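Data block below; observations after.
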Amino acid sequence: MMIITQKITSLAYEIHDGMFRKDEELTPSQRDLAVRRMPSLLEYLSYNCNFMGILAGPLCSYKDYITFIEGRSYQLTQAGASGREELHCERAEPSPNTAVIQKLLVCGLSLFFHLTVSNTLPVEYNIDEHFRATASWPTKVTYLYVSLLAARPKYYFAWTLADAINNAAGFGFRGYDRNGEARWDLISNLRIQQIEMSTSFKMFLDNWNIQTALWLKRVCYERASLSPTIQTFILSAIWHGVYPGYYLTFLTGVVMTLAARAVRNNVRHYFTEPPQLKLLYDVITWTVTQITISYTVVPFVLLSVKPSLMFYGSWYYCLHIVGILVLLLLPVKNTQRGKNTQENVQLSRSKKFDERENSLGRNSFSTTNNVCSQNQEVASRHSTLKQ
């Protein structure tokens, strides 16, 4: 039901953006996914109830899904040496076998880790009375991090398996990289290496439950006129369910996200040079990020109010206090979302004018890839005009 709810709301906004709003009113991501016509009943049911994602997702946009169903997902661009997208229309249909095998291996390792290690490091032990009374602070911090690290493989298993299932059916192709290798991460829901090596709260969130984060961005963050971060976290809590632990986690997440943003904006530029100083900064921010993430998500695992408050109480709400003090003492820069939106609108108008002049019809497949022209003559004209 959670996935279907996401798909219904995502499609509703995509149709609204495509049929009832002007391009100038949309952000680039909204414009790329805007649906310009009403789907048929068959297309609607196929999108919401297809066997590949009805149980565990991951969420995908309607436009990406219908592009795959119509067989246009392999007519993509490739990043050239200049970094710009180049048209490649004569590619053979790529095989997903390598990507599927790699993801199944990740599933196997995640499941093995979960069955053998995770059960020996329960998150609930953080609130054990004897542990709270006798453990030193270094021990508490270490066990908090390790226990939450051990809790993640079950998510890695479920989301990677869902991604592999879609890839096996041919869905998830994202184009080619500069080396000509096929990328099968269009609907991937996580990036494990980036999660475990995150040096900021934002970096962790950007790589965890990616498709839900993109959905929240499209339906809430980009449309909210007041406190978009707070509204997005509250919507995320409501979408997850009714357990109090979800709300404690996401409300804590608001404080941590805003505080981390303030620290980064005010401090990071002092540590970019030399490389040794930047390395020290990365080590410190990695440590702080991993501890903060673990501290924040404990209620998400414990679910209930009493054990969650017991955990925070055993830590004397120290990270809550630090986060609030950071917000009070450090200057917080206003978000440039509105300014960036206007700049993107002007850029979009310029690109749109050029496309009309060159008579190029493009259908967006993803936010970073364009569907290549099926008319070789038009592609040739486009290349000539660019030169």
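No hydrogens, no waters, no symmetry mates; every other heavy atom, side chains included, goes into these values. Because the structure is predicted, anything quoted here is derived from the model rather than measured.
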Check: Do other residues, nucleotides or ligands put more than 12 heavy atoms under 6.0 Å from E70 CD?
Finding: yes
Do D185 and S188 have side-chain N/O donor and acceptor atoms under 3.5 Å apart?
-> no
Practice prompt. Report yes if some heavy atom in the side chain of Y295 is under 4.5 Å from a heavy atom in the side chain of F311; otherwise report no.
Written response: yes
Per side-chain contact (heavy atoms from CB on, under 4.5 Å), L144 is matched among V123, V298, T139 by V298
Residues passing the salt bridge (Lys or Arg N to Asp or Glu O under 4.0 Å) test with K154, sequence neighbours excluded, are none
To the nearest 0.5 Å, atom OG of S198 lies from atom CG of L205 at 8.5 Å
Worksheet item: Just by modelled atom types, is the I210 backbone N or O under 3.5 Å from a matching donor or acceptor in the N189 side chain?
Response: yes
Handout entry: Side chain proximity check, L59 to T212, heavy atoms < 4.5 angstrom
Key = no
W208 side chain near Y155 side chain, heavy-atom distance below 4.5 Å: yes
### Query
Have T287 and Y145 got a donor and an acceptor in their side chains that come within less than 3.5 Å?
no
- Message: Using side-chain heavy atoms (C-beta onward) and a distance below 4.5 Å, is Y13 in contact with E222?
- Response: no
Discussion item. Quiz question: by atom type and distance under 3.5 Å, do the side chains of N126 and S147 form a donor-acceptor pair?
Written reply: yes
In this structure, CZ of F173 is separated from OG of S95 (nearest 0.5 Å) by 11.5 Å
Rounding to 0.5 Å, atoms NE2 (H16) and CG (L26) come to a distance of 9.5 Å
- request: Determine whether Y246 and V242 fall in the same hydrophobic cluster, where Ile, Leu, Val, Met, Phe, Trp and Tyr are linked whenever their side-chain heavy atoms lie under 4.5 Å apart.
  value: no
### Ring geometry between Y312 and H320 (parallel below 30°, tilted from 30 to 60°, perpendicular above 60°)
perpendicular
I'd like to know if the side chain of N50 reaches the main chain of Y47, judged simply by a donor and an acceptor atom lying under 3.5 Å from each other, with no hydrogens or angles considered. yes
Please check if the side chain of N166 supplies one atom and the backbone of A162 the other of a donor-acceptor pair under 3.5 Å. yes
Quiz item: Above 12 or not: heavy atoms from other molecules or residues under 6.0 Å from OH of Y281?
Solution: yes
* Distance-only, no hydrogens or angles: does the H240 side chain make a donor-acceptor pair with backbone N or O of S236 under 3.5 Å? -> yes
Closer than 3.5 angstrom, by distance alone: can the side chain of N179 be matched with the main-chain N or O of E181 as a donor-acceptor pair? no
*Is V254 reachable from V288 through a run of I, L, V, M, F, W or Y residues, each pair having side-chain heavy atoms under 4.5 Å apart?*
no
Between K103 and the options T160, D163, T98, the side chain to side chain donor-acceptor pair (under 3.5 Å) test singles out D163
Residues passing the salt bridge (Lys or Arg N to Asp or Glu O under 4.0 Å) test with K7, sequence neighbours excluded, are none
To the nearest 0.5 Å, atom OG1 of T252 lies from atom CG of L248 at 6.0 Å
- Would you mind reporting whether L235 and V219 have side-chain heavy atoms less than 4.5 Å apart? yes
Apply side-chain hydrogen bond (donor to acceptor under 3.5 Å, both in side chains) to residues T9 and W215 and explain how you reach the verdict. CA-CA 9 Å; T9 54; W215 171 73; 2.9 Å; yes
| message | Can you confirm whether M203 is buried at CE, in the sense that more than 12 heavy atoms of other residues, nucleotides or ligands lie under 6.0 Å from that atom? | response | yes
Parallel, tilted or perpendicular, as decided by the 30° and 60° cut-offs, for the rings of F131 and Y125: tilted
- [ ] Decide if atom NZ of K217 counts as having more than 12 heavy atoms of other residues, nucleotides or ligands within a radius under 6.0 Å.
- [x] no
**Prompt:** Side chains of F171 and C60: closer than 4.5 Å at any heavy-atom pair?
**Reply:** yes
(Q) Atom NE2 of residue position H269 - does it have more than 12 heavy atoms of other residues, nucleotides or ligands inside 6.0 Å? (A) yes
Report task. Following the transitive rule for hydrophobic clusters with a side-chain heavy-atom cut-off under 4.5 Å over Ile, Leu, Val, Met, Phe, Trp and Tyr, establish whether V301 and F204 coincide in one cluster. Result -> yes
field: Flag, side chain of T296 to backbone of T249, donor-acceptor distance under 3.5 Å
entry: no
Beyond-backbone contact of P39 with I15, side-chain heavy atoms, under 4.5 angstrom: yes
CG (N167) and CD (Q102) are apart, to the nearest 0.5 Å, by 10.5 Å
Exercise for review: Check whether the ring centres of H114 and F157 lie less than 6.0 Å apart, and answer yes or no.
Suggested key: no
Would you call D17 and R223 a salt bridge, taking side-chain N to carboxylate O under 4.0 Å as the test? yes
request  = Kindly work out whether a path of hydrophobic side-chain contacts (I/L/V/M/F/W/Y, heavy atoms less than 4.5 Å apart) joins I165 to W159.
outcome  = no
Problem - I127 reachable from V141 in the ILVMFWY side-chain graph, under 4.5 Å edges - result: yes
Query raised in the report: Are any of the side-chain heavy atoms of T285 and F201 separated by less than 4.5 Å?
Result: no
| said: Could you check whether Y156 and F113 have their ring centres less than 6.0 Å apart? | reply: no
| query | Would you find more than 12 non-hydrogen atoms of other residues, nucleotides or ligands less than 6.0 Å from R268 atom CZ? | reply | no
Hey, is the main chain of E43 close enough, under 3.5 Å, to the side chain of S40 for a donor-acceptor pair?
-> yes
Output for pair (W286 CH2, I284 CD1), nearest 0.5 Å, gives 13.0 Å
